Colleague: 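One structure follows; several queries about it will come next.
What you see is a predicted model, and the numbers here were worked out from it, not measured in a lab. Here, residue 1 is the first one in the sequence, and each next residue gets the next number.
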Amino acid sequence: MATKVKGKKVFISYKHYDANVMKFPNIYQTTARDYVNKLQEMFEDTPHIFKAEEDDNDLSKFKDDTIASKLRDKIYDSSVTIVLISPNMWDKSKLEEDQWIPWEISYSLKEHKRNGRKSLTNAILAVVLPDQNGSYEYFIQDNSCPTCKCRSLSTYKLFRMIRKNMFNIKESKEQRSTCINHTADTKPFIGYSSYIYSVKWIDFAKDDLSIDLNLKIALKINENIEDYIITKE
């Protein structure tokens, strides 16, 4: 992929076995993992693309240090984390700390020292996958308010680590919304009010320019990280 952000090391966080996603042609049992394959094709000119853990092990049997060591080499050198939002990414039968994605996002947000060098907080981009019906409505509702025509995000469906880093811009930087239609469960999307910026797969993956634009947005937000209240734990 010809992109001006070529050379950035990218880490992809996703729910490997989530099959409640739109099917690709010729792939009978499409899962979120197949979307990662597509991303790898798109980033073919990016030599360093790291995937999340390939299995869905119960992390309750691991110590925190063990989990961190599994993630350290994959995330330490990356600059951007892409988290794939899918309908069943959050297994509510398990504690959040016993699932990989919250750990991966937490580790992406932290600064780490190694051999006298400190890694900085990653830019994070949430790419929302379509459900089995090709809809994004489970998370994104466009033109949800008749007044401001804003986009609403159902952040309550996300892991706390992701949810807390959306709509987290400091009040002094906040763009006030005139939206009258959102509730505690759905929040309006106004400008860059979230550190973790959200984009639909169809808008992200349609061409190289779209990929480049959305990565640049995430990186620009990262440059202005002091404007946001970041939750890292």
Side-chain angles (χ1 to χ4, degrees), residues 1-15 32-33 35-54 67-85 89 100-129 158-159 161-166 168-169 173 191-201 203-233:
M1 179 186 70
T3 171
K4 294 180 181 178
V5 293
K6 183 175 69 173
K8 296 290 184 183
K9 296 183 180 180
V10 178
F11 178 83
I12 304 175
S13 179
Y14 62 100
K15 178 69 172 180
R33 179 65 178 82
Y35 282 82
V36 176
N37 292 339
K38 291 292 183 181
L39 284 176
Q40 287 182 288
E41 294 173 9
M42 296 170 195
F43 284 87
E44 60 184 0
D45 290 339
T46 301
H48 302 291
I49 183 165
F50 301 101
K51 296 171 291 184
E53 291 300 315
E54 288 291 327
I67 298 171
S69 68
K70 284 177 171 287
L71 296 175
R72 185 175 295 117
D73 291 338
K74 290 187 175 184
I75 298 179
Y76 177 81
D77 256 355
S78 62
S79 303
V80 180
T81 293
I82 294 176
V83 55
L84 299 186
I85 306 297
M89 67 184 295
W100 278 113
I101 292 175
W103 279 93
E104 290 159 356
I105 301 305
S106 175
Y107 209 86
S108 296
L109 289 166
K110 293 177 180 177
E111 297 179 342
H112 302 276
K113 289 185 178 180
R114 177 189 287 184
N115 299 324
R117 178 175 170 235
K118 184 170 71 172
S119 68
L120 301 178
T121 297
N122 278 16
I124 301 183
L125 179 67
V127 177
V128 184
L129 304 185
L158 303 177
F159 289 107
M161 184 54 59
I162 302 175
R163 185 172 68 247
K164 294 289 286 185
N165 288 293
M166 289 183 171
N168 60 329
I169 196 165
K173 303 290 183 178
Y192 303 136
S193 55
S194 299
Y195 182 75
I196 299 180
Y197 181 76
S198 301
V199 59
K200 295 179 181 178
W201 171 267
D203 295 327
F204 175 74
K206 61 183 178 182
D207 54 40
D208 285 358
L209 289 176
S210 298
I211 294 169
D212 183 65
L213 172 63
N214 284 285
L215 288 175
K216 280 184 170 182
I217 289 173
L219 289 164
K220 186 65 176 178
I221 290 172
N222 175 255
E223 289 177 6
N224 296 302
I225 192 171
E226 296 301 324
D227 292 345
Y228 298 86
I229 301 171
I230 306 298
T231 299
K232 301 184 180 183
E233 296 288 351

Colleague: Walk me through it: do K15 and L84 pass the test side-chain contact (heavy atoms from CB on, under 4.5 Å)?
Modeller: CA-CA 8 Å; K15 178 69 172 180; L84 299 186; over 6 Å; no
Colleague: For K220, check salt bridge (charged side-chain N to carboxylate O under 4.0 Å, His left out) against everything at least two apart and list the hits.
Modeller: E223
Colleague: Any chance you could measure S106, atom OG, to N165, atom CG, to the nearest 0.5 Å?
Modeller: 9.5 Å
Colleague: Could you tell me which residues satisfy side-chain hydrogen bond (donor to acceptor under 3.5 Å, both in side chains) with N214, sequence neighbours excluded, listed by chain and number?
Modeller: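 Listed in chain order: nothing, the list is empty.
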Colleague: Any donor-acceptor pair under 3.5 Å linking the side chain of S78 with the backbone of V10?
Modeller: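 Side chain of S78 to backbone of V10, a donor-acceptor pair under 3.5 Å: no, none is there.
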Colleague: Any chance you could measure I221, atom CD1, to S193, atom OG, to the nearest 0.5 Å?
Modeller: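 Rounded to the nearest 0.5 Å, the CD1-OG separation comes out at 8.5 Å.
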Colleague: To the nearest 0.5 Å, tell me how far I211 CD1 sits from K216 NZ.
Modeller: 13.5 Å
Colleague: Would you please name every residue forming a salt bridge (charged side-chain N to carboxylate O under 4.0 Å, His left out) with K164, sequence neighbours left out?
Modeller: none
Colleague: With distance as the sole test, does D227 use its side chain to make a donor-acceptor pair with the main-chain N or O of I169 at under 3.5 Å?
Modeller: no
Colleague: Using the ring pair (Phe, Tyr, Trp, His ring centres under 6.0 Å) criterion, which residues pair with Y195? Sequence neighbours excluded.
Modeller: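 Applying ring pair (Phe, Tyr, Trp, His ring centres under 6.0 Å) to Y195 gives Y228.
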Colleague: If the condition is side-chain hydrogen bond (donor to acceptor under 3.5 Å, both in side chains), which residues does T231 pass it with, not counting sequence neighbours?
Modeller: none
Colleague: Working to the nearest 0.5 Å, report the span between CD1 of I196 and CG of L158.
Modeller: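 The distance works out to 8.5 Å.
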Colleague: Name all residues meeting the salt bridge (charged side-chain N to carboxylate O under 4.0 Å, His left out) criterion together with K110; count only those two or more places apart in sequence or in a different chain, and write none if there are none.
Modeller: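 Once residues adjacent in sequence are excluded, the partners of K110 under the salt bridge (charged side-chain N to carboxylate O under 4.0 Å, His left out) criterion are E233.
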Colleague: Indicate the atoms forming the closest heavy-atom contact of V199 with D203, along with that distance.
Modeller: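 Scanning both residues, the minimum pair turns out to be CG2-CB, 3.9 Å.
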Colleague: Among residues at least two apart in sequence or on other chains, which ones pass side-chain hydrogen bond (donor to acceptor under 3.5 Å, both in side chains) with T81?
Modeller: S108, N122
Colleague: The criterion is side-chain contact (heavy atoms from CB on, under 4.5 Å); which residues satisfy it with A218, sequence neighbours excluded?
Modeller: A123, L125
Colleague: Report the distance from atom OH of Y197 to atom CG of L219, rounding to the nearest 0.5 Å.
Modeller: 13.0 Å
Colleague: Starting from the C-alpha separation in whole Å, work towards a yes-or-no answer on side-chain contact (heavy atoms from CB on, under 4.5 Å) for I101 and M161.
Modeller: CA-CA 9 Å; I101 292 175; M161 184 54 59; over 6 Å; no
Colleague: Would you say V83 and M89 make side-chain contact, with heavy atoms under 4.5 Å?
Modeller: yes
Colleague: If you round to the nearest 0.5 Å, how far is CZ of R163 from CD1 of I105?
Modeller: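 CZ of R163 is found 13.5 Å from CD1 of I105.
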Colleague: Can you name the one residue among Y14, F204, W201 that meets ring pair (Phe, Tyr, Trp, His ring centres under 6.0 Å) with Y35?
Modeller: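 The option that passes is W201.
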Colleague: For the residue pair L120 and I225, establish whether any side-chain heavy-atom pair is separated by less than 4.5 Å.
Modeller: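 No; the side chains remain at least 4.5 Å from each other.
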